[in-house]
Amino acid sequence: MALSGFEGFEKRLELHFFGDDPKNVGLGLRLLDFEILDEQILQAVQCTVVSAVANHYFDAYVLSESSLFVYPTKIIIKTCGTTQLLKSVAPLLRHASLLRLTLTSCRYSRGNFIFPAAQPFPHDTFQNEVVYLEDSLPDSLCYRKASVMPSKTPSHSWHVFSASTEATSYPLNGDVMYTIEICMTELDRDLARSFFQHPGDGKNGDTAGKEMTEITGIGEIIPGALICDFAFDPCGYSMNGIDGDRHSTIHVTPEDGFSYASYECVGSVYDCDDVVRVLKRVFKVFRPATMSVSTTCVSHDVWTLVAGALEPLGMKCRSCAVDEFPAAGNVVYQTFTARRNK
């Protein structure tokens, strides 16, 4: 728990591996025992699993502080609060090597913490985070870059570290994928109340989570997705969505004064129309006064749609920063604030 409230802004780590050991039968990292994930990797981070769902492509875990996604050759951990996310790197690499998987790329990203003084080492400064990652990664990831992408909104900036064995990224199976990460603050108070449990209603986290998904419209953001949701006591909400080989996730800290919500999804640039629909639906669930949208993709086809989706809803683009990172491609960071009524 932070000094003045719960820290909603997440830290996000994405690791990619390579390996073709026939003993893994195409499962790769999914062969990691649950006990290893929960008791060694997540324990180092200081969080635990509260709910889970899986399909043919990957496993999705809702955590006590955000989410974990495990694909055969990719793992994504996203944690909020005062968790120590980067302490997962060493045990992850150790157990991946036992599966004969070799790390090929790493990407770490986060926004500005609301309560930075509450963060433990190495998350107390971005410089310490970068040094910690540099020391944790093998020398084979020789293409490395760290950057803080600024904005004209004081409370928002985007911190990115990327490392790879290759300088550039190549589309998988000819498909060009994107990742969108949305951070929202100053949520509409009436809408935020939907993420509080009613005292004494006897509902557990799973039941209350399903109700929140339904009444808020979250279930309609990606209608075909399988949703694993969880509500926290007395307030807060997390959701993981599974749609084929694509994941999405939402996390909500609804307390007035430091309210925050995040949304993340992945997709193909060949389905760009989905971006506009998703952005509009996410905005309508939370109606934040301030939001940032980070788009990671080797193509420029996606980020150009963001402002066109949000500005008709009353949001004004205040800044746009662009940078290029090893293997990740282009990261475009845009910030928006609600237009004042004249």
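The first residue of the sequence shown is numbered 1, and numbering continues consecutively from there.
Linking Ile, Leu, Val, Met, Phe, Trp and Tyr whenever their side-chain heavy atoms come within less than 4.5 Å puts L63 and I41 in one cluster. Cluster annotation: M212 and F232 are assigned to distinct hydrophobic clusters (Ile/Leu/Val/Met/Phe/Trp/Tyr, side-chain heavy-atom contacts under 4.5 Å, transitive).
Heavy-atom minimum distance, T83 versus Q46: CG2-O, 3.8 Å. Closest non-hydrogen pair, T82 versus P120, comes out as O-CG, 3.5 Å. Heavy atoms only, all atoms of each residue included: F161 and F126 are closest at N-CZ, 4.4 Å. The two residues L226 and V53 have their closest heavy-atom pair at CD2-CG2, 3.4 Å.
Interatomic distance, L37 CG to L32 CG, rounded to the nearest 0.5 Å: 5.5 Å. Distance OH/Y178 to SG/C297: 9.0 Å, rounded to 0.5 Å.
Side-chain atoms of S319 and T335 form a donor-acceptor pair, as typed in the model, at a separation below 3.5 Å. Judged by distance alone, the side chains of Q197 and Y237 never bring a donor and an acceptor atom under 3.5 Å apart. Side-chain contact, Y143 with E166: no donor N or O sits under 3.5 Å from an acceptor N or O. Under the 3.5 Å distance criterion, with hydrogens and angles disregarded, no donor-acceptor pair is assigned to the side chains of H156 and T290. Q119 and K11 are linked by a side-chain donor-acceptor pair at a separation below 3.5 angstrom, with hydrogens and angles left out of the test. A donor atom on one side chain and an acceptor atom on the other are not found under 3.5 Å apart for T153 and R318. Side-chain contact check for H251 and T253: no donor-acceptor pair (N or O, by modelled atom type) lies under 3.5 Å.
The salt bridge (Lys or Arg N to Asp or Glu O under 4.0 Å) analysis of residues 66-79, with sequence neighbours excluded, yields the pairs K78-E264.
Taking the charged nitrogens against the carboxylate oxygens, R110 and E129 do have a contact shorter than 4.0 Å, which makes a salt bridge. We find that D271 and R246 are joined by a salt bridge, their nearest charged nitrogen and carboxylate oxygen being less than 4.0 Å apart. Looking at K145 and D323, a side-chain N of the basic residue comes within less than 4.0 Å of a carboxylate O on the acidic one, giving a salt bridge.
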Kindly indicate, with the supporting measurements, whether the criterion side-chain hydrogen bond (donor to acceptor under 3.5 Å, both in side chains) is fulfilled by T79 and E65. CA-CA 5 Å; T79 63; E65 280 86 5; over 6 Å; no

Run the numbers on F6 and Y260 for ring pair (Phe, Tyr, Trp, His ring centres under 6.0 Å), then give the verdict. CA-CA 10 Å; F6 188 80; Y260 170 84; 9.7 Å; no

After noting the C-alpha distance and the side-chain angles of Y132 and Q127, does the key distance pass the side-chain hydrogen bond (donor to acceptor under 3.5 Å, both in side chains) rule? CA-CA 9 Å; Y132 192 94; Q127 181 180 2; over 6 Å; no

Could you give me the CA-CA distance, side-chain angles and deciding distance for K316 and E311, then say whether salt bridge (Lys or Arg N to Asp or Glu O under 4.0 Å) is met? CA-CA 6 Å; K316 181 174 176 58; E311 292 196 330; 5.4 Å; no

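Residue F69 is tested with I76, D59, I75 for a side-chain contact (heavy atoms from CB on, under 4.5 Å); the sole match is I76.
Side chain of D33 to backbone of I36: no donor-acceptor contact under 3.5 angstrom is found.
Ring geometry for F58 versus Y71: interplanar angle under 30°, hence parallel rather than tilted (30 to 60°).
Side chains of V285 and L191 form no contact here, defined as non-hydrogen atoms less than 4.5 Å apart. Side-chain atoms of S109 and R107, non-hydrogen and from C-beta on, do get closer than 4.5 Å to each other.
Remark: D38 engages F34, L42, T48, V49 in a side-chain contact (heavy atoms from CB on, under 4.5 Å) (not counting sequence neighbours).
V131 forms part of no hydrophobic cluster, judged by ILVMFWY side-chain heavy-atom separations under 4.5 Å.
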